[in-house]
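Accompanying notes for the structure given below.
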Amino acid sequence: MKLFRYGPAGDERPGLLDDRGVRRDLSSVIGDLTPHTLGPDTLARLARLDPARLPKVDPAVRLGPPVGQIGNVIAIGLNYADHAAEAGLPLPRQPIVFSKHTAAVCGPDDEVWLPPGAAKLDWEVELAVVIGRAAWHVSETDALAHVAGYCLANDVSERAHQLEMDGQWIKGKSYPTHCPLGPWLVTADEVPDPQALNLWLDVNGQPCQRGCTRTMVFGVAVLISYLSRFMRLLPGDVILTGTPPGVGMGRVPPRFLQAGDVMELGCDALGRQRQRVVLAPLP
Ligand code: ZN
């Protein structure tokens, strides 16, 4: 299934994409797609629905992030061998784990803010994993059974605030709009091998990132198992699994985003996103 949320930011309703690509409204079936409705029982109930009986959704309406009330956005750094080489950094011996504030989450085609004082705004197309069942000390063998689904993500990053300040990366990773998710939550049954997904990202129509999850240093099952030794992963938690090569920081000379730039990104199995960069509004 491909599930989505639509409507004004903060007031989204749930939906389901039918086999012909028609958006259908799910609000008569579930209140919303949240940590409470991502478990195997609810997903099995949704899979049994006849989409033709659900009302159609206006195809022009805004899409929100495909999961609401996300509790945690956990991200992995330098998780592609070819990206680590581009950054001139050695392969990590263990997953590099950082966090993004959940208020960074936005819809797949929302505008991305250029924050005040930001001079090094960068892009990162990624595979995002959405947890459906709590995971605490799970084995690599069992790890994927805890996944509700996958979605496309852009781990937008302000490099100066991430890397040139003291302390943790979260400062350059958490601006509002810096975590577009979607368009769809693609349920795990439709992604039999999360290590065979091609990811791409263009800026202003120019190819920037091209990669495949095959070159991850630590695959999805390893990441879930590893993280579950340090924290209890909860339904609705999102794990960003790292970015393939081609980020702006890795170019010679570096290329950073300006207001007016347009990012387009995608993955065959997960859909596409498009974001225009705008100056952040201030109160
Ligand atoms: Zn990232």
Side-chain angles (χ1 to χ4, degrees), residues 65 70 72-92 94-106 108 112-113 115 118 120-131 150-165 167-182 194-195 197-203 208-220 222-224 226-227 237-251 254-257 263-267 270 273 275 277:
I70 292 168
N72 291 284
V73 179
I74 299 151
I76 307 298
L78 290 178
N79 197 31
Y80 281 76
D82 32 8
H83 173 57
E86 154 191 76
L89 293 166
L91 288 185
Q94 297 186 32
I96 296 171
V97 179
F98 62 97
S99 183
K100 287 172 84 79
H101 195 288
T102 54
V105 171
C106 68
V112 162
W113 292 2
K120 297 187 175 179
L121 192 66
D122 206 347
W123 54 83
E124 293 191 351
V125 62
E126 305 202 6
L127 168 67
V129 178
V130 180
I131 297 294
Y150 300 89
C151 62
L152 186 67
N154 189 355
D155 179 16
V156 182
S157 305
E158 211 293 335
R159 299 298 185 196
H161 301 172
Q162 176 194 352
L163 299 169
E164 298 170 19
M165 293 181 159
Q168 300 187 334
W169 291 4
I170 191 170
K171 287 184 279 190
K173 293 282 191 174
S174 292
Y175 288 106
T177 76
H178 283 196
C179 190
L181 296 178
Q195 307 309 143
L197 300 173
N198 294 307
L199 300 169
W200 59 269
L201 183 147
D202 296 349
V203 177
C208 288
Q209 291 192 272
R210 295 291 183 272
C212 179
T213 55
R214 192 186 319 115
T215 67
M216 279 186 186
V217 181
F218 305 103
V220 173
V222 175
L223 291 173
I224 292 170
Y226 181 83
L227 290 168
D237 283 354
V238 174
I239 304 167
L240 304 189
T241 56
T243 200
V247 299
M249 176 176 64
R251 300 171 80 93
R255 155 83 160 93
F256 295 115
L257 294 163
M263 293 176 279
E264 291 176 276
L265 50 151
C267 170
L270 304 178
Q273 304 184 352
Q275 298 112 20
V277 179

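Counting convention: from 1, in listed order, for ligands and their atoms alike. Note that this is a predicted model, so its numbers are computed, not measured. FYI, the numbering just counts along the sequence from 1.
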Carboxylate-amine/guanidinium proximity below 4.0 Å for Arg159 and Glu124: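 Salt bridge between Arg159 and Glu124, a charged N being under 4.0 Å from a carboxylate O: yes.
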
So that I know where these two stand, are Tyr80 and His83 an aromatic pair - ring centroids less than 6.0 Å apart?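 Not close enough - the centres of the two rings lie 6.0 Å or further apart.
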
I'd like to know if the side chain of Gln273 pairs up with that of Asn154 as donor and acceptor (distance under 3.5 Å, no hydrogens or angles considered).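 Absent: no donor and acceptor within the cut-off.
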
With Leu240, the side-chain contact (heavy atoms from CB on, under 4.5 Å) member among Val73, Ile74, Ile76: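 Option passing the side-chain contact (heavy atoms from CB on, under 4.5 Å) with Leu240: Val73.
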
Tell me which N, O or S atom from [X] is the closest to the Zn ion (ligand 1).
{"X": "Asp155", "value": "OD2"}
{"X": "Glu124", "value": "OE1"}
{"X": "Glu126", "value": "OE2"}

